[in-house]
Amino acid sequence: EPEVTQTPSHQVTQMGQEVILRCVPISNHLYFYWYRQILGQKVEFLVSFYNNEISEKSEIFDDQFSVERPDGSNFTLKIRSTKLEDSAMYFCASEPAGGRETQYFGPGTRLLVL
Amino acid sequence: QKEVEQNSGPLSVPEGAIASLNCTYSDRGSQSFFWYRQYSGKSPELIMSIYSNGDKEDGRFTAQLNKASQYVSLLIRDSQPSDSATYLCAGSASYGKLTFGQGTILTVHP
């Protein structure tokens with residue numbers, strides 16, 4: 001069964017460093033998302049992406065964040081200058097055409113900013 | 001602020017019992033609702049989606065939606081210890097953005 005994959009599974013970085021989190025959505029899915037979950041808190045929407053454009057972004061998704069689909073398979077989230085409060089689990093999700101928001105989540109990347 | 005609220009529990013039921021999980025939402029524009037299961041340290045796993053008022057059954061799971069009351073529920077019949085997890089309710093009103101509740105911790109004890 002097709003799955004969303006994410007790399008790396010864990011990333012430790014120093015405050016102020018740039019990180020890139022990578023996702024390979026399910027083939028033929030058209031809608032892509034990033035969410036994050038700070039330990040013990042709710043899953044929070046960051047950004048949605050369709051047709052090579054951002055569809056919607058949350059207040060969390062400020063100028064330090066960017067997303068890209070550099071080729072036909074990868075979907076990346078970049079944090080330019082990490083802060084301590086960026087420490088969280090980051091989930092990528094994808095949705096098929098006509099999926100009515102039925103999103104399938106990847107296993108996540110645990111980011112720790114020191 | 002558009003919210004999804006869940007009774008955080010924890011909810012403890014004996015094996016074989018029915019577990020009832022509840023969720024309310026504040027955004028009347030929400031059209032689609034989802035139940036996800038999340039094991040500790042893992043990603044959300046989709047269990048059910050529901051879009052219309054009424055009940056939707058899938059195996060041991062039944063989702064219920066009442067848009068007039070802005071209420072969504074999930075019933076798990078014949079609960080098993082492997083059902084022990086955090087259950088997340090989520091709603092969507094626009095562009096696929098899911099708004100999640102804080103989750104209900106369910107423990108099924110043998």
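Values reported hereafter were calculated over all heavy atoms of this structure, with side chains retained and with hydrogens, waters and symmetry mates removed. Since the model is a prediction, treat every value here as computed from it, not as a measurement.
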Inset, instruction - Indicate, with yes or no, if A:Phe32 and A:Ile60 share a hydrophobic cluster defined by side-chain heavy-atom contacts under 4.5 Å among Ile, Leu, Val, Met, Phe, Trp and Tyr. - result: yes
Inset, instruction - Rounded to the nearest 0.5 Å, what's the gap from CG on B:Leu98 to CZ on A:Phe105? Could you check? - result: 5.5 Å
Legend entry - Structural part of A:Tyr35 lying under 4.5 Å from a heavy atom of chain B: side chain
Inset, instruction - Assess whether side chain to side chain contact (heavy atoms under 4.5 Å, CB included) is satisfied between A:Gln103 and B:Tyr36, documenting all intermediate values. - result: CA-CA 10 Å; A:Gln103 298 174 23; B:Tyr36 284 84; 3.8 Å; yes
Inset, instruction - Flag the one option from B:Ser49, B:Pro44, B:Gly101, B:Ala90 with the top tally of heavy-atom pairs under 4.5 Å to chain A. - result: B:Pro44
Inset, instruction - Could you tell me whether A:Lys42 and B:Glu3 make a salt bridge, using a distance below 4.0 angstrom between a side-chain N and a carboxylate O? - result: yes
Inset, instruction - Give a yes or no on this: more than 12 heavy atoms of other residues, nucleotides or ligands lie within 6.0 Å of atom NZ of B:Lys42. - result: no
Inset, instruction - Would you kindly say whether B:Gln38 and A:Gln37 are connected by a side-chain donor-acceptor distance under 3.5 Å? - result: yes
Inset, instruction - Measure distances from B:Leu46 to the heavy atoms of chain A and classify the residue's part below 4.5 Å as side chain, backbone, both or neither. - result: side chain
Inset, instruction - Tell me, yes or no, whether the heavy-atom count around A:Glu3 atom CD, taken from other residues, nucleotides or ligands under 6.0 Å, exceeds 12. - result: no
Inset, instruction - Would you indicate whether B:Lys67, at its atom NZ, is surrounded by more than 12 heavy atoms from other residues, nucleotides or ligands within a distance under 6.0 Å? - result: yes
Inset, instruction - Would you please indicate if the ring centroids of B:Phe100 and A:Phe45 are separated by under 6.0 Å? - result: no
Inset, instruction - Kindly check if the number of other-residue, nucleotide or ligand heavy atoms within 6.0 Å of CG (A:Leu114) is above 12? - result: yes
Inset, instruction - Working to the nearest 0.5 Å, report the span between NZ of B:Lys97 and OG of A:Ser58. - result: 7.0 Å
Inset, instruction - Answer yes or no: are there more than 12 heavy-atom neighbours, outside A:Asp62 itself, under 6.0 Å from its atom CG? - result: yes
Inset, instruction - Taking all non-hydrogen atoms of both residues into account, name the closest pair between A:Gly106 and B:Ser43 and its distance. - result: O-CB, 2.8 Å
Legend entry - Connected via hydrophobic side-chain network under 4.5 Å: A:Phe75 and A:Met89: no
